[in-house]
J.: 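A single structure is presented below for examination.
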Amino acid sequence: MFVLVLMEDCLAKKMEITVSEAEKRTGRNAMNMQETYTAYLIETRAVESQNEGQCSPVDSLWRRYSEFELLRNYLLVTFPHIVVPPLPEKRADFVWHKLSADNMDPDFVERRRIGLENFLLRVASHPVLCQDKIFYSFLTQEGGWKEMVNETGFQLKADSRLKALNATFRVKNPDKRFTELKHYSDELQSVISHLLRVRARVADRLYGVYKVHGNYGRVFSEWSAIEKEMGDGLQSAGHHMDVYAASIDDILEEEEHYADQLKEYLFYAEALRAVCRKHELMQYDLEMAAQDLTSKKQQCEELATGTVRTFSLKGMTSKLFGQETPEQREAKIKVLEEQIQEGEEQLKSKNLEGRDFVKSAWADIERFKEQKNHDLKEALISYAVMQISMCKKGIQVWTNAKECFSKM
Amino acid sequence: MEFYCKASMSSSSSMMVTTRAEFDLPEYSVRRRYQDFDWLRNKLEESQPTHLIPPLPEKFVVKGVVDRFSEEFVETRRKALDKFLKRITDHPVLSFNEHFNVFLTAKDLNAYKKQGMALLSKMGESVKYVTGGYKLRSRPLEFAAIGEYLDTFSLKLGTIDRIAQRIIKEQLEYLVELREYGPIYSTWSGLEVELSEPLEGVSACIGNCCTALEELSEDMTDDFLPVLREYILYSESMKNVLKKRDQVQAEYEAKLEAVALKKEDRPKVPTDVEKCQDRVECFNADLKADMERWQNNKRQDFRQLLMGMADKNIQYYEKCLTAWESIIPLLQDKPETK
């Protein structure tokens with residue numbers, strides 16, 4: 001899809017990766033019911049040995065979409081500071097009427113194959129992601145890969161869905177850059193969705209305009225039958241009208257690639273948002289931990305000095321039912337002091353984690369921004385080129401028709 | 001005689017018809033309303049029943065929300081009326097018609113209209129040609145062929161009219177979507193930094209294509225459809241003339257038969273039957289001549305019309321091509337070069 005800019009020591013430079021085929025399979029699913037699915041052939045070949053003039057062997061294995069999803073989820077959890085490349089859409093969306101919304105449709109499968117290959121190339125050319133062993137095994141190890149992924153226990157590390165989606169927790173001091181970026185990713189998703197929706201409608205309408213011209217072909221032909229001198233000119237002009245009407249199919253098929261390029265960035269916006277979200281979660285966690293530490297320190301102080309500054313149920317009950325003994329108080333203070341020490345260490349490491357995260361996430365975000373600007377510019381250029389080609393075809397056809405008319 | 005028809009400056013309901021007899025003589029102008037043209041046409045049909053009279057643009061505009069006072073409508077009508085007059089001028093018989101002459105020269109046409117029959121010329125009085133009730137047994141082959149041709153011809157034109165209308169409709173619906181599509185790139189441009197100019201450029205480009213498309217649809221509506229419809233009316237006129245011819249022939253044949261039944265020894269053909277025969281022969285000759293003329297004009301008119309349609313489409317695509325080609329450098333521009 002896009003021409004990828006390859007980093008020096010990424011996997012993509014050492015290994016040729018293609019998703020070369022798609023095949024329909026039937027099997028039994030988890031509930032032992034028969035299902036049909038598509039399997040994709042991943043072929044890999046080491047690049048180095050080509051320099052020696054010999055072709056290295058091609059390794060291959062079959063994977064289905066759900067395995068790609070598993071891989072991506074693993075990467076999302078394992079590298080939360082990375083804007084993880086998205087997968088092509090699960091179901092056909094933003095379709096104009098001639099395109100099938102059926103997952104089994106050969107055109108959809110073909111575009112998905114390209115999208116999956118693109119996904120693998122993106123991961124393989126990412127300086128951090130390409131080094132992951134699970135990713136490497138995905139490409140090279142047919143059997144037992146699923147078990148290997150699950151054994152990493154990544155699902156446990158995943159932030160609870162509730163926390164991740166909960167929009168109502170308030171972060172007091174987020175890094176402003178991430179807040180702005182999250183806002184940007186929301187807007188980007190919104191504008192690209194809108195664009196894709198309307199583009200599909202535009203395609204539909206354009207299809208209609210071209211196809212109606214085909215009717216001219218038929219009527220000119222019928223008319224030419226009753227004419228003497230005008231007949232030939234009409235007949236051949238009619239042929240050009242047929243050509244014109246037929247030309248829209250290829251034009252719109254090519255435009256689908258542009259739509260796919262936009263879709264990739266629509267989904268990338270989601271990945272970007274996830275990174276910002278992760279920062280917010282970490283920051284929230286940090287703030288909660290700090291708050292907790294502060295309150296514990298306060299409790300400790302109160303117990304030590306005997307002053308009650310903050311209301312606590314325990315304090316009230318002890319007032320009502322009698323004070324604690326000095327020994328009990330000492331024990332409590334000791335526990336609290338331990339907790340405070342633990343808390344301070346945790347806070348320190350959380351702070352460090354937070355700062356590391358911000359640093360590495362921002363580095364990847366800068367990399368992503370550059371990639372995005374480069375890719376989208378390329379997409380716009382190719383779109384303009386498509387439009388130019390369509391205009392030239394139009395001029396050609398109508399010039400031919402005009403010549404036929406002139407001979408009438 | 002040379003003349004041309006100018007649309008009036010002040011009002012949309014009357015046309016200025018200007019004539020010039022010879023190159024070095026001054027122009028002569030009269031003001032005429034649509035109803036005057038209508039009157040002229042009726043008079044021509046009455047006084048020259050054996051000839052094909054060119055059609056007028058439709059009296060009432062039925063379709064759509066056409067503004068009868070809009071510039072486009074007035075211009076379309078002006079062109080059609082201009083063509084009407086030119087066709088009469090080009091006709092070797094009609095161009096010398098008395099009513100036509102009066103139409104072009106009389107300062108007060110209404111007074112002339114009221115005079116009625118007073119100034120009718122001797123040739124081809126309408127009264128004499130009112131034949132009725134005679135049924136023709138069979139049309140001669142050559143006229144049957146013309147009739148069949150005209151039937152198919154108007155059918156095909158009707159189909160082309162429908163197709164053209166459908167295309168315009170589809171184009172306008174396409175335009176509606178494009179008008180929503182372009183500005184989205186603008187909105188997106190507002191979110192971006194480096195991509196801001198390229199995206200804005202694409203938005204502007206789509207806007208230009210919208211304008212070009214609008215112009216194409218307007219042109220087709222104003223220039224293409226009216227001419228098509230005119231020719232459908234023309235074929236209807238011709239079919240009517242054919243029917244009149246049939247009537248004349250039927251009358252002749254009936255009278256001839258009546259004479260034959262009388263079984264006279266001297267089968268001298270009475271004068272009124274002779275006159276009928278004359279009439280049939282004249283009519284046939286006129287009609288054939290008109291048909292040939294009509295076929296030639298039709299060929300030229302359609303060549304021009306269809307080439308014009310092709311031209312408009314070429315121009316549309318050229319405008320879009322220019323727009324898209326001009327933004328390629330903008331899209332390829334590297335930020336460092338700014």
Side-chain angles (χ1 to χ4, degrees), chain A residues 184 187-188 191-192 194-195 198-199 201-206 208-213 215-216 218-220 222-223 225-230 233-234 237 369-370 372-373 376-378 380-381 383-388 390-395 397-408, chain B residues 148-149 152-153 155-157 159-160 162-164 166-167 169-171 173-178 180-181 184-185 187-188 190-195 198-199 201-202 205 209 295 298-299 302-307 309-314 316-325 327-328 331-332:
Chain A
Y184 165 78
E187 305 259 276
L188 187 68
V191 87
I192 297 183
H194 191 199
L195 195 64
V198 181
R199 192 214 69 91
R201 295 204 306 254
V202 167
D204 239 336
R205 292 300 181 191
L206 190 61
V209 172
Y210 271 74
K211 286 303 175 190
V212 179
H213 279 84
N215 294 329
Y216 273 147
R218 193 175 51 244
V219 76
F220 284 168
E222 290 166 2
W223 182 9
I226 60 169
E227 296 292 342
K228 298 191 190 77
E229 302 105 341
M230 274 168 60
L234 273 175
K369 277 187 191 168
E370 250 188 72
K372 177 205 81 178
N373 288 335
L376 289 174
K377 241 192 214 179
E378 290 290 309
L380 290 176
I381 292 172
Y383 184 65
V385 167
M386 276 181 233
Q387 301 305 306
I388 288 170
M390 179 170 88
C391 291
K392 286 188 175 162
K393 276 188 203 159
I395 292 171
V397 165
W398 282 105
T399 305
N400 291 342
K402 186 179 173 185
E403 211 184 299
C404 295
F405 290 139
S406 73
K407 296 195 182 125
M408 262 165 61
Chain B
E148 269 169 41
Y149 168 82
T152 312
F153 178 71
L155 253 174
K156 294 309 150 194
L157 283 196
T159 306
I160 293 174
R162 275 192 302 280
I163 296 170
R166 175 86 187 277
I167 290 175
K169 176 171 172 281
E170 297 281 343
Q171 278 171 345
E173 286 176 350
Y174 171 56
L175 188 61
V176 166
E177 301 298 348
L178 271 188
E180 191 182 332
Y181 184 56
I184 304 174
Y185 282 97
T187 308
W188 188 356
L191 297 176
E192 300 288 340
V193 175
E194 202 181 307
L195 292 174
L199 286 167
V202 171
C205 198
C209 293
Q295 283 283 20
K298 175 209 80 185
R299 187 178 167 195
F302 274 97
R303 189 200 288 134
Q304 196 183 27
L305 183 71
L306 292 169
M307 281 175 75
M309 169 172 93
D311 255 333
K312 296 194 221 296
N313 278 279
I314 292 169
Y316 159 71
Y317 277 114
E318 279 179 346
K319 285 178 202 164
C320 294
L321 181 66
T322 308
W324 285 105
E325 278 181 338
I327 65 152
I328 293 277
L331 294 175
Q332 288 172 330

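Order of the sequence lines sets the chain letters (A, B, ...), proteins ahead of strands, with each chain counted from 1.
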J.: Considering all heavy atoms of both residues, which atom of B/L191 and which atom of A/Y184 are nearest to each other, and what is their separation?
T.: O-CE1, 3.6 Å
J.: Measure the spacing between CD of B/E318 and OG1 of A/T399 and express it to the nearest 0.5 Å.
T.: 7.5 Å
J.: Please indicate whether B/Q304 has more than 12 foreign heavy atoms, meaning atoms of other residues, nucleotides or ligands, lying under 6.0 Å from its CD.
T.: no
J.: Where does B/I160 contact chain A at under 4.5 Å (heavy atoms): side chain, backbone, both or neither?
T.: both
J.: Set out, in order, the CA-CA distance, both residues' side-chain angles and the distance that settles side-chain contact (heavy atoms from CB on, under 4.5 Å) for A/F405 and B/F302, then state yes or no.
T.: CA-CA 8 Å; A/F405 290 139; B/F302 274 97; over 6 Å; no
J.: Out of curiosity, B/L331 CG to A/L376 CG, how far, rounded to the nearest 0.5 Å?
T.: 11.5 Å
J.: Kindly give the heavy-atom pair with the smallest separation between B/Y317 and A/M390, and that separation in Å.
T.: CE2-O, 4.2 Å
J.: Any side-chain heavy-atom pair from A/W398 and B/M309 closer than 4.5 angstrom?
T.: yes
J.: Top residue by heavy-atom pair count (under 4.5 Å) with chain B, among A/M230, A/K392, A/K393?
T.: A/M230
J.: Against chain B, work out which of A/N215, A/L380, A/I192 has the most heavy-atom pairs shorter than 4.5 Å and name it.
T.: A/L380
J.: If you count every heavy atom of other residues, nucleotides or ligands that lies below 6.0 Å from A/E222 atom CD, does the total exceed 12?
T.: yes
J.: Does B/E192 come within less than 4.0 Å of A/K372, counting only side-chain N to carboxylate O?
T.: yes
J.: Sort A/L188 into side chain, backbone, both or neither according to what part of it lies under 4.5 angstrom from a heavy atom of chain B.
T.: both
J.: Sort out for me which of B/T159, B/L321, B/L306 touches chain A most, counting heavy-atom pairs under 4.5 Å.
T.: B/L306
J.: Going from NZ on A/K377 to CG on B/L195, what distance comes out if it is rounded to the nearest 0.5 angstrom?
T.: 7.0 Å
J.: For each of B/D311, B/V193, B/L199, B/L175, tally heavy-atom pairs with chain A at distances under 4.5 Å, and name the one with the top tally.
T.: B/D311
J.: Does B/Y181 offer a backbone N or O that forms a donor-acceptor pair with the side chain of A/R199 under 3.5 Å?
T.: no
J.: So, taking the atom named CD in A/Q387 and the one named SG in B/C209, what distance separates them when rounded to the nearest 0.5 Å?
T.: 7.5 Å
J.: What part of B/A164 is in contact with chain A, defined as an atom under 4.5 angstrom from a non-hydrogen atom: side chain, backbone, both or neither?
T.: both
J.: Name the residue from B/K156, B/K298, B/R303 that meets the salt bridge (Lys or Arg N to Asp or Glu O under 4.0 Å) definition with A/E227.
T.: B/K298
J.: Compare every heavy atom of A/K402 with every heavy atom of B/A310, then report the nearest pair and how far apart it is.
T.: CB-CB, 3.6 Å
J.: Do A/R201 and B/E180 have side chains that approach each other closer than 4.5 Å (heavy atoms only, starting at C-beta)?
T.: yes
